[in-house]
Protein chains: 2
Amino acid sequence: MLTQTAIRTDAIRRPTMLAGKVAIPPQHALDHAAEADSLAQQMQLMGPTMSFPRNAEIFGENEPADFLYKMISGSVRTYKILGDGRRQIGDFCLPGDVFGLEFADVHTLSAEAITDARVLVIKRSALTALASRDAVIGRELHALTARELQRAQERILLLIKSAQERVASFLLEMAGRSPPGNSIELPMSRQDIADYLGLTIETVSRTLTSLENAATIEVPTSRRIVLRNRSALSRLNG
Amino acid sequence: MLTQTAIRTDAIRRPTMLAGKVAIPPQHALDHAAEADSLAQQMQLMGPTMSFPRNAEIFGENEPADFLYKMISGSVRTYKILGDGRRQIGDFCLPGDVFGLEFADVHTLSAEAITDARVLVIKRSALTALASRDAVIGRELHALTARELQRAQERILLLIKSAQERVASFLLEMAGRSPPGNSIELPMSRQDIADYLGLTIETVSRTLTSLENAATIEVPTSRRIVLRNRSALSRLNG
DNA sequence: CGATGCGTTGATAACTTTCAAATTTAGTGG
DNA sequence: CCACTAAATTTGAAAGTTATCAACGCATCG
């Protein structure tokens, strides 16, 4: 079968710890929004930031899940290597996203920087301690899990569809997570996209070309895509 | 494309309320296991049981999620109808399983009885009230969501695989949820299985026949399957 | 430059779906 | 209990989709 990458590029584990360089939000930002997003605010205060170069491993599958992470800049992929060598990408993480949150005590996925990335590192024990004292934090933690569950369920719906539908959904998803406008900048390679959608790199490439031929999108460079006809994409999306 | 059922059999909504008939566990069952599974015990005490005949709807997508449910006997499917009429089955629920737990206030899936089914009905507001008073219950509620997330992620891994691998995984999953032994009784139709695995009914049928020809399984009746060679199935599983 | 990595394109093979029909099973009324 | 009808499942043949294998273009980088 081998739908996906069989050969892994070895990830370098070469993080740059920027200890003490904690981003403290300006006070006025805390004034309003009362308990609106206290989790996010607490997290800002809890951990140092780390910088990872492109392709560096942030954590590996089955390693103890003592930390979780919040993207500051750059992009990260989480993934799992299957028994036969295929790679399934769990998620692409963009600034603001939280990843590495586990319920069990080991990571079920690995994580690598796609581009140079800065992340906030939060000690899990500190966060759970906080949650046990503050019900609001606890609820937000639960909400985070619930949102991940919802995303997983959307992905299930995506994976039963055709290649065209998967690629269209992917583009719309990325557009939704990108700055407003019709142009999206993809940080990830075609192989990453293929492993995310459960397709081969060739099928992804061909599908993009055919969407381009249909004037639904433009592909000025391989990493930049302009949506020309969103409704056609949404229609494909089902 | 139409991978899945396009025509739905109309579900009858004809539940039989057995109000007051709450199963109270014998006291000695509560003595030990202290807080081991207080959620399950609390739920026993909270709600009435309802009986649904085969194919009856238990709740519909987008209906208010005021209740959640715990299977007592029989089996239930949760599902979603897609824009183009396809049906994706979210889960098969067997005795002991909890379903209908939502984070938002409406159901994201519908639920129907596959066979005549008895379920415990729990008012969500009561449970969340309980959870806000008792941290243990809260944690168990969170654990329930986390477990669902894990199942969803396993399903994602399943859906990128070939038809043989999907069917093999399905059989192993059902075997794991059935009483010990190599024989499993499937409460659901081939169409249900197909809509669960993202395949057509014909592909499911053919795959089962080919597994039977390979002496990996036996199919004495269409609803009963005997695993003859689990390691072969696991190998297919990846 | 020549090597290397990434993306695209082409031809062919493998797999899954679709459409159609045969067969078995289940349900119903006599 | 049997016969009959409807529903579910299996099987067959053909078409459609995606993967695989191979080659090519294009950029980056030493």
Side-chain angles (χ1 to χ4, degrees), chain A residues 1-11 54-55 82 84-88 114-115 158-168 170 186-213 217-225 236, chain B residues 1-10 53-55 84-87 114-116 158-168 185-195 197-213 217-225 236:
Chain A
M1 267 288 91
L2 282 188
T3 335
Q4 281 140 318
T5 328
I7 308 112
R8 297 292 330 302
T9 86
D10 358 38
R54 190 165 174 282
N55 287 329
L82 278 62
D84 56 5
R86 279 178 295 185
R87 180 182 69 161
Q88 171 66 19
I114 294 179
T115 61
L158 188 121
L159 288 177
I160 66 172
K161 301 198 237 169
S162 72
Q164 276 227 337
E165 294 173 300
R166 295 188 212 185
V167 172
F170 171 73
L186 300 176
M188 73 292 285
S189 70
R190 292 285 186 271
Q191 185 65 66
D192 288 335
I193 298 173
D195 290 353
Y196 180 69
L197 298 178
L199 299 170
T200 60
I201 184 177
E202 292 96 332
T203 300
V204 171
S205 181
R206 275 188 250 270
T207 304
L208 288 173
T209 320
S210 97
L211 287 174
E212 193 172 25
N213 291 339
I217 63 173
E218 275 172 53
V219 190
T221 78
S222 73
R223 297 296 181 100
R224 164 173 296 285
I225 296 194
L236 282 178
Chain B
M1 266 288 88
L2 281 189
T3 333
Q4 281 139 316
T5 328
I7 307 109
R8 296 292 332 303
T9 86
D10 358 38
R54 190 165 175 282
N55 288 330
D84 56 5
R86 278 178 295 184
R87 180 183 70 160
I114 294 179
T115 61
D116 293 355
L158 197 150
L159 289 178
I160 67 174
K161 302 198 237 167
S162 71
Q164 274 226 339
E165 293 172 300
R166 295 188 213 187
V167 172
E185 194 71 43
L186 300 176
M188 73 292 286
S189 70
R190 292 285 184 270
Q191 186 65 66
D192 289 336
I193 299 173
D195 291 352
L197 298 179
L199 299 170
T200 59
I201 184 177
E202 293 95 332
T203 300
V204 171
S205 181
R206 275 188 251 271
T207 304
L208 287 172
T209 328
S210 96
L211 286 174
E212 192 171 25
N213 291 338
I217 63 172
E218 274 173 56
V219 190
T221 79
S222 73
R223 298 299 180 98
R224 165 173 296 283
I225 297 195
L236 283 178

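To find a chain, count down the sequence lines: A is the first, B the second, and so on, and within it residues start at 1.
What separates CG of B:Asp195 from C1' of C:dT17 is a distance of 14 Å, to the nearest Å. Atom CZ in B:Arg190 sits roughly 12 Å away from atom C1' in C:dT24 (whole-Å rounding). Between B:Gln191 atom CD and D:dT10 atom C1' there is a gap of 14 Å when expressed in whole angstrom units. In this structure, the CD atom of B:Glu165 is 12 Å from the C1' atom of C:dC15, given to the nearest Å. Look at CD1 on A:Ile160: it is 14 Å from P on D:dT18, rounded to the nearest Å. Nucleotide D:dA8 holds its C1' atom 10 Å from the CZ atom of B:Arg54, rounded to whole Å. Across the protein-nucleic acid pair, A:Asp192 atom CG and C:dC6 atom P stand 10 Å apart, rounded to whole Å. We find that CG of B:Asp84 is positioned 14 Å from P of C:dT17, with the value rounded to whole Å.
Checking side-chain atoms of A:Arg190 against main-chain N and O of A:Arg223 turns up no donor-acceptor pair under 3.5 Å. The main-chain N or O of A:Glu218 is never found under 3.5 Å from a side-chain atom of A:Glu212 such that the two would form a donor-acceptor pair.
Within residues 206-213 of chain B, the residues having any heavy atom closer than 4.0 Å to DNA chain C are, in order of number, B:Arg206.
Checking C:dT9, D:dT18, C:dT8 against the side-chain heavy atoms of A:Ile201 singles out C:dT8 as nearest. The side chain of B:Glu202 sits closest to D:dT11 out of D:dT11, C:dG7, C:dT8. Of the candidates C:dT8, C:dT16, D:dT10, C:dT16 carries the atom nearest the B:Leu199 side chain, counting heavy atoms from C-beta on. The listed nucleotides are D:dT9, D:dA22, C:dT16; the one nearest the side chain of B:Ser162 is C:dT16. The side chain of A:Ser222 lies closest to C:dG7 when the candidates are C:dT9, C:dG7, C:dC19.
A salt bridge between A:Asp192 and A:Arg87 is present, with a side-chain N of the basic residue lying under 4.0 Å from a carboxylate O of the acidic one.
Of the side-chain N and O atoms in A:Thr203, one or more sit less than 4.0 angstrom from OP1 or OP2 of D:dA19. Look at B:Thr200 and you won't find any side-chain N or O under 4.0 angstrom from OP1 or OP2 of C:dT16.
Summary of the strand contacts: B:Pro220 and A:Ser189 both lie near DNA chain C, and taking for each the nucleotide with the nearest heavy atom, the more 5' one is attributed to A:Ser189.
Under 3.5 Å, the side chains of B:Thr200 and B:Thr203 contain a donor-acceptor pair of N or O atoms. Counting only N and O atoms by type, the side chains of A:Ser162 and A:Glu165 include a donor and acceptor under 3.5 Å apart.
One cannot find a donor-acceptor pair under 3.5 Å joining the base of C:dC15 and the side-chain atoms of B:Gln164.
Considering only residues two or more places apart in sequence or on other chains, B:Thr209 meets the side chain to side chain donor-acceptor pair (under 3.5 Å) condition with none of them. Legend: residues meeting side chain to side chain donor-acceptor pair (under 3.5 Å) with A:Arg224, ordered by chain and number and at least two apart, are A:Ser183, A:Glu185.
When all heavy atoms are compared, the tightest approach of A:Arg86 to B:Ile160 is NH1-O, 3.7 Å.
B:Arg166 comes within contact range of no nucleotide atom at all, as no heavy-atom separation falls under 4.0 Å.
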